[in-house]
> 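Pasting a structure below so you can have a look.
For ligands, and for the atoms within them, numbers begin at 1 and follow the listed sequence. All of these numbers come straight from a predicted model, not from anything done at the bench. Here, residue 1 is the first one in the sequence, and each next residue gets the next number.
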Amino acid sequence: MILDLDIGNTLSKWRLKDAESSEIRSRGAVWTREEWRPGADIPDLDVVEAVRISSVARAAVLEETVALLRRRVRHVHVAHSTHEALGVVNGYEEPGRLGVDRWMGALAGYQLAGGCCAVDCGSAITIDFVLPGGAHLGGFIIPGLRLMKESLKLGTRNVAIDPESEADELLEPGRRTVDAVNHGIYMAAVSAINRIYSEVCDQEGVALPMLLTGGDARVVSRGVQVPHAVWPDMVYGGLEACFPMTFAERAGKMSGAPRVPEPVSLEKIRAGLAFSMLL
Ligand SMILES: Nc1ncnc2c1ncn2[C@@H]1O[C@H](COP(=O)(O)OP(=O)(O)O)[C@@H](O)[C@H]1O
Ligand SMILES: CC(C)(COP(=O)(O)O)[C@@H](O)C(=O)NCCC(=O)O
Ligand SMILES: [K+]
């Protein structure tokens with residue numbers, strides 16, 4: 001079995017993948033913290049022959065995790081942001097400083113779609129752009145839904161946006177604090193994504209397919225007007241592409257990859273942008 005780990009600032013996600021069949025056998029998530037208990041937080045390591053890790057948590061968390069795993073598993077691969085990988089050139093002045101989850105998303109998106117806009121809705125919402133040809137432009141970082149809400153300190157942190165909510169409802173003015181806050185942060189997130197996408201496509205003269213991932217991807221997806229696909233395993237896709245192990249991975253296949261969404265034409269994107277400027 002292969003154990004894939006995606007350690008975010010809030011949640012540490014794991015999945016077990018069968019190295020023979022490429023099937024996902026199980027998955028889970030625990031709050032990100034320093035100590036892991038194999039058998040409780042993560043699967044029993046006896047069945048694991050290789051581990052692949054993407055981590056943006058504090059260095060100490062990664063060090064502890066790697067030390068624990070190396071004692072029990074022969075192959076432990078830790079992903080890093082580099083200047084270039086798999087045809088993508090990192091847009092950061094200091095490539096190593098780009099969050100490795102963003103780098104994994106950009107690599108997975110490029111492998112699947114060629115140029116793309118990769119949006120990760122987790123603790124932070126990150127919006128990264130890769131052009132056809134592989135130039136990563138860099139991106140945008142805003143606080144995620146939960147962080148935005150917590151920063152207001154209005155006592156609403158424990159009432160999350162119902163992931164089943166309809167976007168229409170969330171776009172109405174709230175008539176209670178909790179709704180005013182939830183609808184406000186939702187509007188802030190989806191309008192930023194819509195606008196940033198249009199601005200960058202306009203600047204670069206190319207309509208890019210958009211891919212969404214992260215814990216809030218589903219609910220954010222409902223308010224994003226741009227054609228897009230939700231790909232919950234996008235960060236894992238980057239790990240698969242960087243450290244291919246199964247037959248399918250070596251053939252360039254990434255688990256759970258969605259159909260690439262057809263972007264609207266650049267003319268339409270520009271018309272939408274011009275219209276919103278006139279209002
Ligand atoms: N069951 C859940 N537990 C915790 N957070 C959740 C859950 N479902 C959705 N979320 C949302 O997902 C976010 C965490 O998403 P994730 O992509 O795992 O973040 P990160 O990679 O930063 O740890 C939280 O900030 C919260 O808004
Ligand atoms: C921007 C992030 C905090 C997002 O992390 P996440 O929401 O997935 O936990 C992470 O990618 C990170 O720590 N990046 C380093 C800074 C940068 O990318 O510029
Ligand atoms: K994120």
> Can you list the atoms of ligand 1 that are under 4.0 Å from a heavy atom of Gly8?
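Every atom of ligand 1 under 4.0 Å from some heavy atom of Gly8: 20 (P), 21 (O), 23 (O).
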
> If the cut-off is 4.0 Å to any non-hydrogen atom of Leu98, which atoms of ligand 2 fall inside it?
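Near Leu98, meaning under 4.0 Å from one of its heavy atoms, ligand 2 has 18 (O).
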
> I need the atoms of ligand 1 closer than 4.0 Å to a non-hydrogen atom of Arg146, numbered in the order shown.
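What qualifies from ligand 1 is 24 (C), 25 (O), 26 (C), 27 (O).
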
> Looking only at protein heavy atoms, which one is nearest to atom 13 (C) of ligand 1, and what is the separation?
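I find the closest protein heavy atom is Asp216 OD2, 3.9 Å.
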
> More than 12 heavy atoms of other residues, nucleotides or ligands under 6.0 Å from CE of Met245: is that the case?
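Atom CE in Met245 is packed in, count exceeds 12.
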
> Please indicate whether any nitrogen or oxygen in Leu11 is less than 3.5 Å from any nitrogen or oxygen in ligand 1.
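Looking only at distances, the answer is yes, because the N/O contact criterion of under 3.5 Å is met.
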
> Going by the atom numbers of ligand 2, which of them fall below 4.0 Å from some non-hydrogen atom of Arg97?
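Once the distances to Arg97 are compared, the set is 15 (C), 16 (C), 17 (C), 18 (O), 19 (O).
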
> Students should be able to answer this: which protein heavy-atom is nearest to atom 18 (O) of ligand 1, and at what distance?
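So the nearest neighbour among protein heavy atoms is Lys13 NZ, 2.7 Å.
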
> Does CZ belonging to Arg25 count more than 12 external heavy atoms closer than 6.0 Å?
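Correct, the count exceeds 12.
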
> Give the residue, atom name and distance (to 0.1 Å) of the protein heavy atom nearest atom 8 (O) of ligand 2.
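Heavy-atom neighbour on the protein nearest atom 8 (O) of ligand 2: Asp101 OD2, 2.5 Å.
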
> Any nitrogen or oxygen of Ala124, main chain or side chain, under 3.5 Å from a nitrogen or oxygen of ligand 2?
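Yes, since at least one N or O of Ala124 sits under 3.5 Å from an N or O of ligand 2.
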
> So is Trp31 polar-close to ligand 1, meaning N/O to N/O under 3.5 Å?
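Trp31 vs ligand 1: no N/O contact under 3.5 Å.
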
> Between Gly144, Gly139, Gly99, flag the one that comes closest to atom 14 (N) of ligand 2 by a heavy atom.
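Checking each option, the heavy atom nearest atom 14 (N) of ligand 2 is found in Gly99.
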
> Would you find more than 12 non-hydrogen atoms of other residues, nucleotides or ligands less than 6.0 Å from Glu166 atom CD?
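Incorrect, the count does not exceed 12.
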
> Would you check the N or O atoms of Asp120, main chain and side chain alike, for any that come under 3.5 Å of an N or O of ligand 2?
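Asp120 vs ligand 2: no N/O contact under 3.5 Å.
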
> Write out the residue and atom name of the closest protein heavy atom to atom 19 (O) of ligand 2, then the distance separating them to 0.1 Å.
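Checking every protein heavy atom, the shortest distance to atom 19 (O) of ligand 2 gives Tyr92 OH, 2.6 Å.
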
> Do Arg102 and ligand 2 have an N or O pair less than 3.5 Å apart?
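Min N/O separation from ligand 2 is below 3.5 Å for Arg102.
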
> Test of understanding: given a 4.0 Å heavy-atom threshold, classify the contact between Thr10 and ligand 1 as side chain, backbone, both, or neither.
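Both backbone and side chain.
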
> Looking at ligand 1, does any of its N/O atoms fall within less than 3.5 Å of an N/O of Asp120?
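Among all N and O atoms of Asp120, none is under 3.5 Å from an N or O of ligand 1.
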
> Quick one: does Asn9 get within less than 4.0 Å of ligand 1, heavy atoms only?
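True for this residue.
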
> With rounding to 10 degrees, what does the angle Asp120:OD1 / the K ion (ligand 3) / Ala124:O come to?
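Output for this angle: 110°, rounded to tens.
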
> Would Gly215 count as being in polar contact with ligand 1, using the rule that some N or O on each side must be under 3.5 angstrom apart?
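Between Gly215 and ligand 1 (N or O atoms, distance only) the closest approach is under 3.5 Å.
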
> Do Arg15 and Glu240 sit within salt-bridge range, that is, some charged N less than 4.0 Å from a carboxylate O?
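A salt bridge is present here (some side-chain N lies under 4.0 Å from a carboxylate O).
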
> For atom 13 (O) of ligand 2, grab the closest protein heavy atom and report residue, atom and distance to one decimal in Å.
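Closest protein heavy atom to atom 13 (O) of ligand 2: Val56 CB, 4.1 Å.
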
> With heavy atoms under 4.0 Å as the rule, classify the contact between Thr126 and ligand 2 as side chain, backbone, both or neither.
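Contact part for Thr126 vs ligand 2: side chain (C-beta onward).
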
> Would you mind checking if Asp46 and Arg72 are paired as a salt bridge, meaning a charged N to carboxylate O distance below 4.0 Å?
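Salt bridge: yes.
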
> Does Val100 reach ligand 2 with a nitrogen or oxygen that is under 3.5 Å from one of the ligand's nitrogen or oxygen atoms?
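For ligand 2, there is no N or O atom that lies under 3.5 Å from one belonging to Val100.
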
> Should you measure from each heavy atom of Gly214, which atoms of ligand 1 turn up under 4.0 Å away?
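In order of numbering, the contacting atoms are 17 (O).
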
> Tell me yes or no: between the side chains of Lys17 and Thr246, is some donor less than 3.5 Å from an acceptor?
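Their side chains do not contain a donor-acceptor pair, so the 3.5 Å distance test is not met.
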
> I'd like to check whether Asn9 has a polar contact with ligand 2, where a contact means an N/O of the residue lying under 3.5 Å from an N/O of the ligand.
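So ligand 2 has an N or O lying under 3.5 Å from an N or O of Asn9.
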
> Going by distance alone, is a donor N or O of one side chain under 3.5 Å from an acceptor N or O of the other, for Tyr92 and Arg102?
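A pair is found: one side chain offers a donor N or O, the other an acceptor, under 3.5 Å apart.
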
